[in-house]
Engineer: 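Structure in C-alpha cells, see below.
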Protein chains: 4
Amino acid sequence: MSGPNPERRSERARRAILGAALELCREQPYDKVTMEGIAKRAGVGKQTIYRWWPSKAAILLEAIDSRATDRLDFPDTGELQADLRSQMTEVVTLLNDPGFSAYKGLIAAAQSDPDIARSVAEIIIKPRELHCVERLVKAQEVGQLRADVDPVDVVELLYAPLYYRLLMHTRPVTVEQLDTVFDLAFNGLTKSPG
Amino acid sequence: MSGPNPERRSERARRAILGAALELCREQPYDKVTMEGIAKRAGVGKQTIYRWWPSKAAILLEAIDSRATDRLDFPDTGELQADLRSQMTEVVTLLNDPGFSAYKGLIAAAQSDPDIARSVAEIIIKPRELHCVERLVKAQEVGQLRADVDPVDVVELLYAPLYYRLLMHTRPVTVEQLDTVFDLAFNGLTKSPG
Amino acid sequence: MSGPNPERRSERARRAILGAALELCREQPYDKVTMEGIAKRAGVGKQTIYRWWPSKAAILLEAIDSRATDRLDFPDTGELQADLRSQMTEVVTLLNDPGFSAYKGLIAAAQSDPDIARSVAEIIIKPRELHCVERLVKAQEVGQLRADVDPVDVVELLYAPLYYRLLMHTRPVTVEQLDTVFDLAFNGLTKSPG
Amino acid sequence: MSGPNPERRSERARRAILGAALELCREQPYDKVTMEGIAKRAGVGKQTIYRWWPSKAAILLEAIDSRATDRLDFPDTGELQADLRSQMTEVVTLLNDPGFSAYKGLIAAAQSDPDIARSVAEIIIKPRELHCVERLVKAQEVGQLRADVDPVDVVELLYAPLYYRLLMHTRPVTVEQLDTVFDLAFNGLTKSPG
DNA sequence: AAGTAACCGAGACGGTACGTCGTGTCTTCAC
DNA sequence: GTGAAGACACGACGTACCGTCTCGGTTACTT
C-alpha cells in the first residue's frame with residue numbers, strides 16, 4: 001500500500017551507507033561521489049539506498065546531522081563572549097575538518113534542489129541557530145547583549161563571516177577570525193573599543 | 001604545439017554561449033543545465049565550448065562577471081552608511097534576480113572544484129571586496145569608520161550575512177536585512193545606540 | 001569478478017538489437033548504420049549493446065549467422081551438379097536479398113578488423129564450406145568428382161566467382177552465372193565438353 | 001563559376017596526399033585512416049584534399065591505380081598457363097604486400113558507397129580483366145583455351161579464388177594456390193588429368 | 001514447522017550527458 | 001586564387017551514472 005516498512009530496515013545497511021558516503025566525501029570532491037560508488041563501498045544494492053533516501057544529498061544530510069549533533073553544545077559560564085568563542089572554535093575546527101567536507105557539498109547541493117535547501121535550513125542550520133539564540137537570550141537578560149536586537153540576527157552576524165570564507169574561498173576559516181569578528185561585532189564599526 | 005588561436009575565435013559563438021548559459025540557468029536549476037543544452041541553445045558545437053572553457057562553471061564565471069561588472073559601482077556622497085546602503089541595495093536586488101541564479105550555482109560548483117573556487121574568489125569576489133575597501137578607507141580617513149580595523153574584515157562582516165541567507169536558505173535576502181546589519185555592525189552588539 | 005552475467009541477460013533486448021541492426025542495414029548503407037541508431041531503433045540503451053557486443057560488426061555477425069543458418073542446407077539427390085545448383089541458387093538469392101546487404105558490410109568490416117575477420121571466417125564461412133565439402137566427398141566416392149582434389153579447393157572454385165561479382169561489382173550475381181561456372185569448372189578450360 | 005582550376009593545381013600537394021594516404025594505410029587498418037590524418041601527414045590543409053577528391057576512398061583509388069599500373073603487364077610467351085602463372089604470381093605478391101593493404105580497404109569502402117563501387121570496378125578491376133582477356137583471346141585462337149567460352153568468365157574463375165581468400169580470410173593467398181586453381185580450372189572437376 | 005512477505009545484495013535495463021574525435025564547410029592569411 | 005592552417009556546426013563514439021526493474025537468498029513474522 002505504502003512505502004517500505006521501517007521496522008524491517010537493516011540497521012547494518014543504514015550505517016554502512018552513511019559511513020560510506022562520508023568516507024567517499026573525505027576522499028574526493030562532493031560531486032565525484034556517486035550513488036553507485038556509495039552502494040559499492042557500503043556493500044549494498046542501489047535499491048536499498050533508493051528505498052530509504054531520495055538522493056545523495058539526503059544521505060549526507062542524515063550523516064552529517066548525526067555526526068555533528070553532539071559536538072556543538074553551548075556552554076554557559078556566564079561570560080557570553082567566552083562561551084561563544086569556545087563553541088565557535090569548535091565550529092571552526094569542524095569546518096576545516098576534511099571529514100566534514102561533505103558539508104560544503106551539501107550546501108552546494110542545496111543551491112540546485114529546493115528540497116535539500118529546506119532540509120539543510122530546517123534540520124541542520126536552524127536548530128543550531130536556536131541553540132545559540134537560547135544562549136544569547138540569557139545574555140540579553142543579564143545585560144551582556146543589547147536587548148533591542150533579534151538574537152537570530154546576532155547569530156547571523158557572528159557566524160556568517162565563517163561561512164563566507166568557507167564558501168567563497170577568499171581566506172581560510174581560522175580561530176583568529178573569531179577575534180576579529182568579536183571585536184567588530186561587539187564593539188561596533190564606529191566607536192573604538194573603550 | 002599549443003592550444004587554439006584566440007585571434008581566430010568567433011565572437012558570435014562566444015556571445016551565444018555565454019547568453020545561452022545564463023538563459024538556461026534562469027529557467028532551471030544549475031545542475032540541470034548541461035553542456036549539451038548550452039550548445040544546443042547557442043546553436044554551437046560542443047567542441048567549440050570545450051575549446052575555450054574547461055567546464056560549465058567556467059562559462060558562467062565569465063558570463064556573470066561580465067554581466068555584473070558595471071552594476072555595482074560605489075558611490076561616494078561623504079556619508080558611508082548611505083553609500084553602503086545604496087550599493088548593497090543593488091547587491092540585494094542582484095542576489096534575488098533569477099537572472100543571477102547562476103551565481104548560486106557557481107558558488108556551489110566552487111565547493112567541488114578548486115579551480116572554480118580560486119576563480120570565483122579572485123575574479124568575482126575579491127575585486128568587488130576591493131572596491132568596497134577603497135570606500136571604507138576613505139571613511140576611515142574622515143572618522144566614519146574605526147581606524148584600527150582591517151577594512152576587508154569589515155566587508156566580510158557586512159556582506160557575509162547576505163550570503164549566509166542566500167546560501168543557507170534560512171530567510172530571504174531583503175533590504176530590511178540591511179537595516180539590521182547596519183544597526184548591529186555599526187553600533188555593536190553590546191552598547192545601545194546612543 | 002568479471003563480465004556481465006549471461007543468465008540475467010534480457011532476451012527481449014537481444015532480439016530487438018539483432019532485428020534493429022538488420023533492419024537498418026536494409027534501409028541504408030552499412031557504414032551509415034550507427035550504434036546509436038541501432039539502440040534507438042531497438043528501444044535500448046547503448047550500454048546494453050556494448051555490454052554484449054564489442055562492435056556493430058559483431059552484432060551483425062550474430063544476426064546474419066542466425067538468419068542464414070537454416071536456409072542453406074545441402075540436398076543429396078545423388079546428382080552432384082543438381083544438388084550444387086539448387087543450393088547455390090539459394091545462395092544467389094541471399095546475396096541479392098537487401099535483407100542480407102548487411103553481409104557485405106560485415107565482409108567490409110572484416111578488412112579493417114582482424115577479430116571480425118576471424119569471426120567471419122570461422123563462424124560464417126568455414127562451417128558452410130564444410131557442409132559443401134561433405135557433399136563433395138560423397139560425390140568423390142561415387143565418381144562424380146575427381147578423387148585427387150581437395151574438396152575445399154573445389155568449394156573455393158565454385159563459390160568464389162559469386163563473391164567476386166558481389167564484392168567487385170563488375171557484374172550482378174545471377175543464376176545464369178551458375179551455369180557458366182559449372183560449365184567451366186566441371187568441364188575445364190581446355191577440353192570442350194564431350 | 002565551376003570547380004577548381006586544375007592548371008593551378010599543386011603537383012607537390014597531390015603527391016604528398018597520395019603518398020600520405022598509402023603510408024597511413026600501411027601503418028594501420030583502413031578505417032583508422034582519416035582525412036585529418038592524411039592532411040596532417042601530407043602537410044596539407046583539409047580543404048586542399050576536399051577540393052580535389054570527394055572521399056578518402058577516392059584518394060586511395062587514385063593512389064593504388066597509379067601504383068599498380070605498371071607492375072601487372074601480361075607476358076606472351078606462347079604458353080598460356082605459364083603466362084598466367086607469371087602474371088598471377090605478381091598479383092599474389094601484391095595482395096600480400098602491406099603497402100597494398102589499402103586495396104582491401106578500398107574494396108571494403110565499395111560495399112557502402114556505390115560511387116566507389118563503380119570506380120573500383122571501372123578503373124581498377126575491368127581494365128585489368130581486359131588485359132587478361134586479350135591474352136586469353138590469343139590463347140583461344142591457338143587452341144590453348146576452349147573457344148566456346150567468354151574469356152571474362154574465365155578471368156573470374158581464375159582470379160576469384162584469390163580474392164575469396166583475401167577477403168574472407170579463410171586461408172592465405174599463396175603461389176601454391178595458383179597450382180591448385182590451374183589444375184582444377186584447366187583440367188576440370190570431373191575428369192582426371194590425362 | 002512451514003509458508004510467506006519484504007528487505008537484502010547484485011546488477012541488467014532504458015536513458016541522459018559526458019568529453020573526444022572526425023566530418024565536411026568556412027574563413028583567414030601567405031604566397 | 002591556390003594552399004596551409006584551423007575554427008566552426010554537427011553527429012557518433014564509447015563511458016559513467018542515473019533511477020527503475022528483476023532476480024535469487026535470507027530473515028522474520030504468520031498460522
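Values below: every heavy atom of this structure, side chains too, minus hydrogens, waters and symmetry copies. Residue numbers begin at 1 in each chain, while the letters A, B, ... track the order of the sequences.
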Engineer: Under the 3.5 angstrom rule, does the side chain of B:S66 hit a backbone N or O of B:A63 as a donor-acceptor pair?
Structural biologist: yes
Engineer: Under the salt bridge (Lys or Arg N to Asp or Glu O under 4.0 Å) rule, collect the residues that match up with C:R8, sequence neighbours excluded.
Structural biologist: none
Engineer: Measuring to OP1 and OP2 of E:dC8, would you say a side-chain N or O of A:R9 lies under 4.0 angstrom away?
Structural biologist: no
Engineer: When rounded to the nearest 0.5 angstrom, what is the spacing between CG in A:L166 and CZ in A:F100?
Structural biologist: 12.5 Å
Engineer: For residues 51-62 of chain B, which residue pairs pass the salt bridge (charged side-chain N to carboxylate O under 4.0 Å, His left out) check, not counting sequence neighbours?
Structural biologist: B:R14-B:E62
Engineer: Mind calculating the distance between OH (A:Y50) and P (E:dA10) to the nearest angstrom?
Structural biologist: 16 Å
Engineer: Say whether, by atom type as modelled, one donor and one acceptor occur between the side chain of A:Q111 and the main chain of B:L167 under 3.5 angstrom.
Structural biologist: yes
Engineer: Would you kindly give the NZ-to-C1' distance between C:K32 and E:dG22, to the nearest whole Å?
Structural biologist: 13 Å
Engineer: Just wondering, are more than 12 heavy atoms of other shown residues or ligands nearer than 6.0 Å to CZ in A:R15?
Structural biologist: no
Engineer: Calculate the interatomic distance between C:I59 atom CD1 and F:dC13 atom C1'; express it in whole Å.
Structural biologist: 13 Å
Engineer: Any side-chain heavy-atom pair from A:I116 and A:L61 closer than 4.5 angstrom?
Structural biologist: no
Engineer: Hey, does the side chain of B:T48 come within less than 4.0 Å of F:dA9's phosphate (OP1/OP2), counting only N and O?
Structural biologist: yes
Engineer: Keeping to residues at least two apart or across chains, list the salt bridge (charged side-chain N to carboxylate O under 4.0 Å, His left out) pairs with something in residues 30-44 of chain A.
Structural biologist: A:E23-A:R41, A:E27-A:R41, A:E36-A:K46
Engineer: CD of D:E36 versus C1' of F:dC10: gap in Å, rounded?
Structural biologist: 13 Å
Engineer: For B:E11 and F:dC8, give me the distance from atom CD to atom P, rounded to whole Å.
Structural biologist: 11 Å
Engineer: How close or far is atom C1' of F:dC13 from atom NZ of C:K56, stated in whole angstroms?
Structural biologist: 12 Å
Engineer: For B:S10 and C:G37, take the nucleotide of DNA chain F holding the closest heavy atom to each; which residue's nucleotide lies nearer the 5' end?
Structural biologist: B:S10
Engineer: Quick check: any donor-acceptor pair below 3.5 Å linking the side-chain of C:Q47 to the base of F:dA16?
Structural biologist: yes
Engineer: Rounded to the nearest angstrom, tell me the gap between atom CG in B:D31 and atom C1' in F:dC18.
Structural biologist: 13 Å
Engineer: For the backbone of B:C25 and the side chain of B:S101, can you confirm whether one donor and one acceptor N or O come within less than 3.5 Å of each other?
Structural biologist: yes
Engineer: When you get a sec, tell me which of F:dC13, E:dA17, F:dA4 is the closest nucleotide to the side chain of B:T34?
Structural biologist: E:dA17
Engineer: Do D:K46 and F:dG6 have a side chain to base donor-acceptor pair shorter than 3.5 Å?
Structural biologist: no
Engineer: Would you say the side-chain atoms of A:T48 pair up with the backbone N or O of A:V44, donor to acceptor, closer than 3.5 Å?
Structural biologist: no
Engineer: Tell me: CD of A:E7 to C1' of E:dA5, nearest whole Å?
Structural biologist: 14 Å
Engineer: Heavy atom of residues 16-30 of chain D under 4.0 Å from DNA chain E: which residues?
Structural biologist: none
Engineer: Could you list, one pair per line, each protein nitrogen or oxygen that sits under 3.5 Å from a nitrogen or oxygen of nucleotides 23-30 of chain F, together with the distance?
Structural biologist:
| from | atom 1 | to | atom 2 | distance (Å) |
| --- | --- | --- | --- | --- |
| F:dC23 | O2 | C:R8 | NH2 | 2.8 |

Engineer: Can you tell me which nucleotide in F:dC13, E:dA12, F:dG3 comes closest to the side chain of D:W52?
Structural biologist: F:dG3
Engineer: So, do B:V120 and A:H169 sit near enough that their side-chain heavy atoms are less than 4.5 Å apart?
Structural biologist: no
Engineer: Is B:R51 close enough to F:dC8 that one of its side-chain N or O atoms is under 4.0 Å from OP1 or OP2 there?
Structural biologist: yes
Engineer: Looking at side-chain heavy atoms only, is the closest gap between D:W53 and D:I17 below 4.5 Å?
Structural biologist: yes
Engineer: Got a second to check how far A:M35's CE is from A:S55's OG, nearest 0.5 Å?
Structural biologist: 6.0 Å
Engineer: Using heavy atoms to find the nearest nucleotide of DNA chain F for A:M35 and B:A42 separately, return the residue whose nucleotide is more 5′.
Structural biologist: B:A42
Engineer: Tell me, which of residues 102-112 of chain A have any heavy atom that sits under 4.0 Å from an atom in DNA chain F?
Structural biologist: none
Engineer: So D:R14, base contact, sugar-phosphate only, or nothing? Heavy-atom distance under 4.0 Å.
Structural biologist: nothing
